[in-house]
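Here's the structure, in C-alpha cells; my notes come after.
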Amino acid sequence: MTGKPSSRTTQQALTYLILGIATTFILMPEVWLLVTSLKKNTEYLSPQFTFLPAVPQWENYVQVFTMIPFLNYVRNSLVLGVTFTTLCVMSSSLAGYAFARIQAPGKNFFFSIVIALLMIPAIVTVIPQFVIFSQVGLTGTYWPWVLWGIGGSSFHIFLFRQFFANFPRELEEAAELDGCGPFRIFLEIFLPNAQPVLATSAILNFMWVWSDWFNPIIFLSDANTTLAVKLNYAYVTPQGQQLTPIVLAACVLYVMVPVVMFFLGQKHILQGIVTSGLKG
Amino acid sequence: MATRKITRREMLKLSGTAALGTLLAACATPASPPQAPASTSAPAVASGPVKISVMHDPKEFTEDMIKQFEAANPNIKLEVIKTDMTRFYAMAAAGNPPDVVRVQAPDLPQLLSRKLLKDLTPYFQGSSLLKPDDLAPANNYYKAKSPTQFGDGPIYGMVKDWSPDFTLFIYTAAFEEAKVPVPDATKSLTYDELADMGKKLTKVQGDKVIRWGFDLADGWIDRIWMNMLAEKGASLFSADYKKINLVNNDEARKAAKYFFDLQKANAMANPLNPSTDWIGADFTKGMVGIIQYGYWFSAMAESDVTKGKVVMLPSPTWAGKRRGPTMTATGTVISAKTKNPDAAWKLFEWYHGGAPSVERAKGGWGVPGLKSQYAMIPTDSPFQKQARAILDAELPYTNDVIQFNPYISGDTVYNLWNKYVEQALRGSLSFDDMLKKIEAEANTAIQEGADRIV
Amino acid sequence: MDIHLPLVQKGRSVRTQQSAANTQARKGMSPRAWRQARAFYLFISPWLLGFIFLSIVPLLVGLLISFSNYDGLNLMEVKSVGLRNYARALGDTETQYALQRTALWTLLNVPLWLAISFGLAMLMNQKVKGRGFFRTIFYLPSAVPVVAIVWIWKIFLDKNYGMVNGLLGLIRPGTALPWLTDYALQSLTAISLWTGLGSGMVIFLAGLQGIPTELEEAARIDGANGLQVWRHVTLPLMTPVLFFQLVLAIITSMQAYVVPMLISPGSGQNLSNLPPRGVYLYMIHTFQQIFVFRRFGYGIAMLWLLFILIIVLTFLVFRTQRYWVYYETETEEKKA
C-alpha cells in the first residue's frame, strides 16, 4: 500500500476503531440478555436502572425447568428437527445428485422449476396448506413437517447439485463398467464423499426447525408445540404477568443449541453461505 | 457386500412405503362426515372408553382435575387443548371441533349464528346439580332465542364463575397524595365524576406515566360503551345488527369522546403509554388510582404495596340508570357437532356443579354460577367483608346482558378502536375521522359476516 | 429392452454398451438412457411429489380461495366473488398504507445493510489481526433463533426498563424514549442489521478475497492510488455479488413479518397481535385479514398481489444490470 507509515497506522487504528464499535453494537444486547437473566423480576422491573444483578439469581435457570415441562418442549423441537432434517437431507441430496449427474429428458425443465420455486414466497403456499390441512385434520400434528421434509428444499437441492457437479465424470463411467446402477453409484461412491455438504445441509435444516416460530404457531397446538413458541408465554404468574428474567434464562438455554451447532459446523456453514451467496 | 447392499436399499423402500401408508391412513380418518347427533333423552350406556376433547385454559382445567374426573368416570378419557380460536376454527373446519369449549360472552352470538352451539335445555331440565331456577343472572348470557336476542330462551352453556364487572377499586394512598377526598362506598358515582377524579390522580414523570388515574378494565371500551348506551336504550348497532352507527349516533359519540379524553389525559392506559404488563398488576404496584374491574379482582387487589389501602366501590352510572352486569361471563359450551353429547354433558355437569365449582366458589375469585353456592364465598379479612357488601348491593343490577353483534367476532370493535385511537392520540387523525374509520371497517366486517351465513 | 438385464446383473456390461449403441442408432433411446431416465425420475420423485402437492396444489387452491368468501367454516356454502378481493386490495387505504410502510422499510433496510456489510467486509479484507474472532462475533447473531432475538431487543429497548434508556437515563434522568412504539421502524432496522450484518460481511469478504491480487497490483503499478483501485478494479468486480445480494435482500425485505409480529407487548401467543403502527407491514396486514377476520380469500389475494409485485420489482432490477453490473467475459453468467 502506498503511503507514509503514519497514514497506514492511522488507517489501521481507524479500522480497529470501527470494528470495535461494530463489535460493541453486536455484543451489548447479548451481554444485557445474560445479565438480566440473572436478576429478580422486581429488580428488572424497578425504575432504578441496574446493570448487574445485586445477587445473581441462578434459581432462574432452575425455574426454567420447574415451571413448565421444559424438557417436553425441547423434545418436541428435537423430534420435529430430526424428522424434518433427515427427510429433507435425503430428498434434497437425491434430487441434487440427479440434477448434477444423471441425464434425462426434461431435466433442465425441472431444474428451472427448482430455481423458480426459490422466488416464490413460502407464505403463498403455506396459507393454502393451512386451509387444506385444516380440512383434512392434519393441523395439530407433526405431519406437515414430514411432508415438507419429503418435498425437500430448493436451496438445499441447489447446494447438493453444486457440490456433486464438481466430481469428475470418470467416477460414474468406472462404476458403470462394474455394473453399478445409478442408485448404487449414489449410495456407495458419491454419498460417502459428501460429508461436508451433508453436514451443512443437516445443520442448516435442523437450525431452521429449531428457530421456526411461524409454522408451529399456525400448525401446532400448545400441548405439542415447539420450544420456540412455548417460551414466549409460558413463564407467567398465575395472574398472567411475565416473569421476564426466567423467560430470558429459557432463551439462553434455547439459544445454546444452535450456537453450539454453529461453532461445531462453522466452517461448513460459512462455506455453504458463501457458495450460495456468490454464485447465481 | 451383497447382503449389505440389499438391506440398505430394502430399508429405504420399506420406510418409504411405511410412511406413505401411515400418511394415507391419517388422511382418511378425520375426513369422515360428522354423524347425526344422538338423542337427548336418558344418558346412554357407553360401551368402551369415550374420548372427550376439551378446549380450555390449562390453568383453570388442571391435570389434577383431569385425573379426578377420569377416576370418577372410567369410561371417559379427556384431552385438554389450550384455548386458541384459530385452532378452534381449524378443527371446526375439519368437522371435528372440540366437544367442550371455554368461551366468553362476546363469542357467543357469533358461535350461535354459525350453528356451532348445542342446545342444552333438555339436559338442564333433567339435571339434579344444574337446575334452571338455580342459575345465577350471569347465565343469561348463555340463553338466547336467536343470535340477536340474548338474555333469555334456550340454554346453550353456563358460566363458570362471574363478577359484576363494572365495580371499582380505589387506592386510597393515591387519593391522599393528590388531595382528593375518598368517595363514599355506599353511593354510586357518575362516570363524569370519575373522569374528573381520574385526571387529578394521574401522575407523570418526564416521559413515564407513574400513575394512571382511572383505568377501565383493560380498555374493554367497546363493552363499557355498549353498557353505557344501553342505560339510555340506545345502541351502537341498528335493530337487525347489520350496521354499526357511530358517526351519526350522538350517544355513541359522547361515550367515545369520554374514553378518548381519558386516554389523551393519560389517566387511562393507551397505545402511547401502555402498561408494560397489564393494568391489574400495575394496580398492585400502586400505579393506578381507580380501576374498574369486577369482584374477582378483590382476590388480588391487596398486595404488599396496597394492603389496607384498597376500597371497593359500587358500579357508576352514565345516565343515571344502574346496569352492572358481568361483561365476560367466562364459561363453557358444548359443540353442536359433538359425537358424544352425553359424555360431554357429564363433564360439563361435573365442572359446573360438582367439586370444581365448589372449589371455585370457596376461592373467592368470583361469584358462583349457581345461586345456591353464594353462601360459600369467603369473607374473612376486613377487605373481603367490604367487598362482599358491595357485591351484595350490586346483585340486583346484574340481570341485563350486553348484546354483542353476531356477525363479527367479539373483539372486532375493540381491535378497531385500538388501531385508530393510536393515530388519533398522535394527532394524525381527528376524533371524528377516527369514528368514521372505525364505523366503515366495522360495517365491512359485519357485511361479510352476514354474507358468510347462508 | 429387458433382454439385456440378465447380462447387466452378471456384470458383463461391455456387451450391453455395444448393443446399447446399436439400439440408439435405430431407436430414440438406448437402454442405458432409459435406465438413466428412470433413475432420474425416481431420484427426484420425493421432490416432485412435494412440488405437486405442496406447491402446485396449494397455489391453485389459494387462487381459488382468493376468488371466494371462504372463512374456514363455510366450505359447503362458499360463494364466488370474482375479482372483488383483488379490487378491494388495490383500493383499500389500509392495504396501501401497509404497502407504503413496507416500501419504506425496504428502502431503509436494504441500502444500509448492503453498505455496512460491504464496508465491514472491506475492513476485514485488510491485514486485520483476529479476523476469525471478528467473523465469529459478527456472524453469531444469524445463528440466534428469531424468538430469542426479539426477547434480546425487547429488553434492550424497553421504554421503562431497557438498557438503552437506562444508560441514557444516567446522563439525562427520566429518559424513557419509546423506541419500540414511536421509533419502531428505526428499532426494527437496528435489529435487522444486527442479525444480518454478519452473513453479509461473510459473503462480501469471500467475494473480495476472490478478486485476484494481480489485478489490484497491476492497477497500482499503473499509478492508481487506493481509492482509484477501489473504484475501478475492486468495485466493478464485486458488482455481480452486490447485484445478487441486492435482489435477495429486496425479496426478503418485502416479505418481512416475524420480528414486527413478535415485538409488540403481550404477543408471541398467536398471530393476531398488532405491532406498532410504524411497522404495520404488508404481511402483517395480510395475517390480520386471515387470522383475525378470517378473510382467507382477501388475504390470499393480497399475497398474490405481493408476489406479482416482487416479480415485477425483481425484473426491473434485472433490467438495470447492464448499467452497473460487470460480468467476467470468459464465463457468461446470465441469470435465469
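Each chain gets a letter, A, B and so on, in the order its sequence line appears, and its residues count up from 1.
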Under a 4.5 Å heavy-atom cut-off, does chain C meet the side chain of A:Ser92, its backbone, both or neither? neither
Output the distance between atom CG (C:Leu120) and atom CG (A:Leu19), rounded to the nearest 0.5 Å. 6.5 Å
Heavy-atom proximity to chain C below 4.5 Å, by part of A:Gln266: side chain
Atom pair OH (A:Tyr97) and CD1 (C:Ile44), whose distance is rounded to the nearest 0.5 Å: 14.0 Å
For A:Glu30 against C:Pro141, the heavy-atom pair lying closest together: OE2-CG, 4.0 Å
Against chain C, work out which of A:Val252, A:Val257, A:Val259, A:Ile120 has the most heavy-atom pairs shorter than 4.5 Å and name it. A:Ile120
A:Ile157, part contacting chain C, at a heavy-atom distance under 4.5 Å: side chain
How long is the span from the CD atom in A:Gln129 to the CG atom in C:Leu54, to the nearest 0.5 Å? 5.0 Å
Using non-hydrogen atoms and a 4.5 Å limit, figure out which bit of C:Ile155 sits close to chain A: side chain, backbone, both or neither. both
With rounding to the nearest 0.5 angstrom, report the CZ to CZ distance, A:Phe25 to C:Phe138. 10.0 Å
For C:Gln126 and A:Thr15: C-alpha separation, side-chain torsions, deciding distance, then whether side-chain contact (heavy atoms from CB on, under 4.5 Å) applies. CA-CA 9 Å; C:Gln126 297 168 30; A:Thr15 304; 3.5 Å; yes
Find the one option among C:Val146, C:Leu140, C:Val258 whose heavy-atom pairs under 4.5 Å with chain A are most numerous. C:Leu140
Residue part contacting chain A, namely of C:Gln36, when any heavy atom lies under 4.5 Å: both
For the side-chain contact (heavy atoms from CB on, under 4.5 Å) test, which of A:Leu45, A:Thr36, A:Thr244 pairs with C:Tyr161? A:Leu45
Hey, what's the ring geometry for C:Phe43 with A:Phe186, parallel, tilted or perpendicular (30° and 60° as the breaks)? perpendicular
Examine whether an atom of C:Phe53 lies under 4.5 Å from a heavy atom of chain A, and if so say whether it belongs to the side chain, the backbone or both; otherwise answer neither. neither
Among the options C:Phe287, C:Tyr139, C:Trp304, pick out the one with the most heavy-atom pairs lying under 4.5 Å from chain A. C:Tyr139
What part of C:Met122 lies closer than 4.5 angstrom to a heavy atom of chain A: side chain, backbone, both or neither? neither
For the residue pair A:Phe130 and C:Phe296, categorise the inter-ring angle as parallel (less than 30°), tilted (30 to 60°) or perpendicular (more than 60°). parallel
Do you know which of A:Gly149, A:Pro128, A:Ser134, A:Ser153 has the most heavy-atom pairs with chain C at a distance under 4.5 angstrom? A:Pro128
Please state whether the side chain, the backbone, both or neither of A:Tyr44 comes within less than 4.5 Å of a heavy atom of chain C. both
What is the ring orientation for A:Phe110 with C:Trp47, classed by angle as parallel under 30°, tilted 30 to 60°, or perpendicular over 60°? perpendicular
Is chain A contacted by the side chain of C:Thr314, its backbone, both, or neither, given a heavy-atom distance below 4.5 Å? side chain
What part of C:Asp158 lies closer than 4.5 angstrom to a heavy atom of chain A: side chain, backbone, both or neither? side chain
C:Leu167, part contacting chain A, at a heavy-atom distance under 4.5 Å: both
Assert top hit (heavy-atom pairs under 4.5 Å, partner chain C, pool A:Leu87, A:Leu117, A:Leu14, A:Val255) equals A:Leu117
Under a 4.5 Å heavy-atom cut-off, does chain C meet the side chain of A:Phe133, its backbone, both or neither? side chain
Applying a strict 4.5 Å limit to non-hydrogen atoms, the region of A:Trp208 in contact with chain C is neither
Side chain, backbone, both or neither: which part of C:Ile290 has an atom under 4.5 Å from a heavy atom of chain A? side chain
Interface check, chain C: of A:Ala122, A:Ala228, A:Ala98, most non-hydrogen pairs under 4.5 Å belong to A:Ala98
Tell me, out of A:Val114, A:Val126, A:Ile123, who's got the most heavy-atom pairs with chain C below 4.5 Å. A:Ile123
So, the part of A:Met28 with a heavy atom under 4.5 Å from chain C: the answer is both
Could you tell me which of C:Met163, C:Glu216, C:Arg135 has the largest number of non-hydrogen atom pairs under 4.5 Å with chain A? C:Met163
Contact part of C:Met254 toward chain A, heavy-atom cut-off under 4.5 Å: side chain, backbone, both or neither? neither
Could you grab the distance from atom CD1 of C:Ile116 to atom CD1 of A:Ile18, nearest 0.5 Å is fine? 11.0 Å
Should C:Trp151 and A:Asn232 be marked as a side-chain contact (heavy atoms from CB on, under 4.5 Å) after you check the CA-CA gap, both sets of side-chain angles, and the distance that decides it? CA-CA 9 Å; C:Trp151 273 103; A:Asn232 280 298; 3.0 Å; yes
Measure the CD1-CD1 distance between A:Ile132 and C:Ile65 for me, rounded to the nearest 0.5 Å. 7.5 Å
When the 4.5 angstrom heavy-atom criterion is applied to A:Gln48 and chain C, the contacting part is neither
Using heavy-atom distances under 4.5 Å, tell me whether C:Phe156 contacts chain A through its side chain, its backbone, both, or neither. both
Heavy-atom proximity to chain C below 4.5 Å, by part of A:Val247: side chain
Honestly, the part of A:Ile127 sitting under 4.5 Å from a heavy atom of chain C is side chain
Side chain, backbone, both or neither: which part of C:Ile300 has a heavy atom under 4.5 Å from chain A? side chain
Side chain from CB out, backbone as N, CA, C, O: work out which of these in C:Ile251 comes under 4.5 Å of a heavy atom of chain A, or both, or neither. side chain
With only heavy atoms counted, which part of A:Lys230 is less than 4.5 Å from chain C, the side chain, the backbone, both or neither? neither
